[in-house]
Structures are given as structure tokens and as C-alpha cells.
Protein chains: 2
Amino acid sequence: MAKPPKQNSPITEHLAYLLAQANREINRQLELRLSKEGVPVEQWRILKVLSDGEGHSMGELADAVLLNHPTLTKMIDRMVSDTLVYRVQDPNDRRKVLMFISDRGKVLCKKLNSLAVDQEEHILESYGDKSTSELKRLLESLIDSSN
Amino acid sequence: MAKPPKQNSPITEHLAYLLAQANREINRQLELRLSKEGVPVEQWRILKVLSDGEGHSMGELADAVLLNHPTLTKMIDRMVSDTLVYRVQDPNDRRKVLMFISDRGKVLCKKLNSLAVDQEEHILESYGDKSTSELKRLLESLIDSSN
DNA sequence: TTGAAAATATTGAATATTCAAGAATTGAAG
DNA sequence: CTTCAATTCTTGAATATTCAATATTTTCAA
């Protein structure tokens, strides 16, 4: 007599698990590079978003860098201490705070960008051009379909 | 005179960012479902790994569920209190602790599995069969190429 | 215009995670 | 054997994150 059909797939087959695993690994690699400048990944994201020179509100930033509000507030506090960014009250809506990148922040951001580009190149090498762009496409579309 | 070429892609184009975003979203959805049973995603993963009935050491488990050792120890402490799992010292290597799932754990795990299957089905519907399996394939291969 | 509801950001307490150190056991070289 | 290094897990202190509550400002309906 045959075994009953396997009804529960192992965890390693779940999309949620694969995403977590891939994210963890890629993030670990990026972390490693950015640690050369002693900066956590989230701070790099913040600097990168702000490096358009425009003012961005805390809510906008929180969405963009995938952090919730209180966590962002506390991280920004640290970055203000390090004079990487600064706060300005929004003149049009005084509930809001606009964040700007400082000159020092811009300099740091450039260094971080090149470290990040190193990583992307490393991925392209070991994983391949085609796979990378296809994966990006699929991820974007998954994110879209989840809203 | 033309602008210099844009040298820094926006953060939303980085693979690391897309992975983080997709992971966050899918995880949020799964969390929402599992919260019906009041169980965090990591505990579901632990139960699922242990549900093969074999004993798994803490180190093995930590790798499998993407948690580092101290975090896992403390989570297991909670699960032991809830009598979902139990510890047995490995008779062959007394440095090791073997974790087992309890009967109560098995019952809970089944309920959680069906909640998780609901989610996977929901993804299949909105995102499509083909995209899902292609995405899984690419993620597996990315993970492979990162070792 | 006024007052209630919504939006925005921060704070503080509770909770969780991480880092570094410690305890126990095993392995292995001398 | 004995001793020293490596492995495995846990603990406690430091750090970070989250939840709930608060303060401020804006919006909008009555």
C-alpha cells in the first residue's frame, strides 16, 4: 500500500520563507559592506531618500524606508546628533516635520552608495544579469499585486 | 549643456530594497492570519520544522527558522511554558538539547498550516500561478548562489 | 466660528533582540 | 591520561523596537 499523499509542504517551500531567507542573506551582505562606514542599512536608505535635496516628512520617510514611526523618530534622533540630517518644521502644515540631508550626510551617502554598488555588482556576477532583472521584475509585480 | 547622467539609482531599484519590501508585505499578511491563533510567524516555523517528529538541536533549529541562538532560546522558553514543545538532552552529545513537538503543538500546527495555506492560495489568485513558481525558483537560486 | 474628528510626530513603558561572557561537554594533540 | 581548544547552549546587560498614550495642528461639519 502506498503512503498517503504528503499534505504539508516543508517550510522551505513557502514563498514567505524563501523571501525571508533571501532577504536575510542579501541584507547580511549589504550590512557587512556598510559596516565599513559604521552605518546600518536603514540609515543608508534614509540618506538615499533625502539625497534628492527635498524635504521629506517623517511619515513619508517611514513608508519609504520600511520603518514604523517611533523607530524612525529614534533613528533620526541619532542621525541628527551625528549631523547627517536635520529637522525643519513644515511651514505649510505645522504638524509635519521636514527632514533634510546635511552636507556631511551627502558626503557619507556617496561613500555608502559605492559600497552598495559593489554589492549589486557582486550579485550580478554570481547570480547573473538575466536572473537579477527577472527577479526584480517579479518582486515589483508581487509588491504591486499586494496593494 | 545636458545634465550629467544620473549616477545613483533610486533606492526602490535596489534588489536589497525590493526583497525587504516584498518580505515585509508578505510577512505582514501571514502575521495577520496567524494572529487568529495568537502565534508569531517564527513559532509557526519552529512547530513546522519540529512536526517531522524528530528531535532537532537548537543550532539546527536556529538555522532553519532564521533566528539567532539567544533569540531562539528565549522563544523556546515561552513555547515550553505553553507546552507546545519540550527539551530533551541529547544522549549522544550532552552539549546538545533536542527539541520535540508536543501533542498540543501538533494540534496547533495543523490549524496554523491551514491558515498559511489560505494565504498561499490568496497569493496564487492575485499574483498568478506562473509568476509564483517562477519567483520561487529564482529565490531558491539566489539563495544557492549566495553560499 | 466653534468644536469634534483626523492627521502627524514624539514620548515612555513594556517587550524583544543582540552582544559578550559564561558553563558544560566533547575532541584531539601532546 | 591531561590539558587546551572548539562546540553548544544559556544568561544578563545593553540596545532596539513596539504599543499605547499624548501633544499639536489641521480639517470640516454644524
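The structure displayed is predicted, hence computed values, not measured ones. We name chains A, B, ... by the order of the sequence lines, and we start the count at 1 in each one.
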request  = May I have the distance from B:M99 (atom CE) to D:dT10 (atom C1'), rounded to whole angstrom?
outcome  = 13 Å
task = Just say parallel, tilted or perpendicular for the rings of B:F100 and B:Y86, cut-offs at 30° and 60°.
result = parallel
request  = Sugar-phosphate atoms are those with a prime plus P, OP1 and OP2; base atoms are the rest. Using that split, label each nucleotide of nucleotides 19-26 of chain C B, S or - for protein heavy atoms under 4.0 Å, 5' to 3'.
outcome  = BB----BS
inquiry  = Donor-acceptor check, side chain of B:S102 to backbone of B:T83, threshold 3.5 angstrom: yes or no?
reply    = yes
ask   = Between atom CD in B:Q43 and atom P in C:dT17, what is the gap in whole Å?
value = 10 Å
query = Taking atom C1' of C:dT15 as reference, at what distance in whole Å does atom CD of B:E42 sit?
reply = 14 Å
ask   = Can you check whether B:R78 has a side-chain N or O nearer than 4.0 Å to OP1 or OP2 of C:dT15?
value = no
query = Do you know which two heavy atoms are closest between A:I26 and B:S146, and how far apart they sit?
reply = CD1-OG, 4.3 Å
message = Using a 3.5 Å distance criterion without hydrogens, assess whether the side chain of B:K48 forms a donor-acceptor pair with backbone atoms of A:S9.
response = yes
task = Round to the nearest Å and state the distance from A:L66 atom CG to D:dA16 atom C1'.
result = 17 Å
message = Does C:dA9 have OP1 or OP2 under 4.0 Å away from a side-chain N or O of A:S57?
response = yes
ask   = Do you know the tightest heavy-atom contact between A:V49 and A:H56?
value = O-NE2, 3.6 Å
ask   = What's the CD-C1' distance between B:E60 and D:dT7, to the nearest Å?
value = 15 Å
key: For atom CG of B:D77 and atom P of D:dG12, their distance in whole Å   = 11 Å
key: A:T71, nearest nucleotide to its side chain (from C:dT10, D:dC9, D:dT18)   = D:dT18
ask   = Separation of A:E31 atom CD from D:dA16 atom C1', in whole Å?
value = 14 Å
inquiry  = Looking at A:Y127 and B:L138, would you say the former's side chain and the latter's main chain have a donor-acceptor pair under 3.5 Å?
reply    = yes
Expected output: side-chain B:Q119 to main-chain B:L34 donor-acceptor under 3.5 Å = no
key: Length of the CE-C1' vector between A:M75 and C:dA9, whole Å   = 17 Å
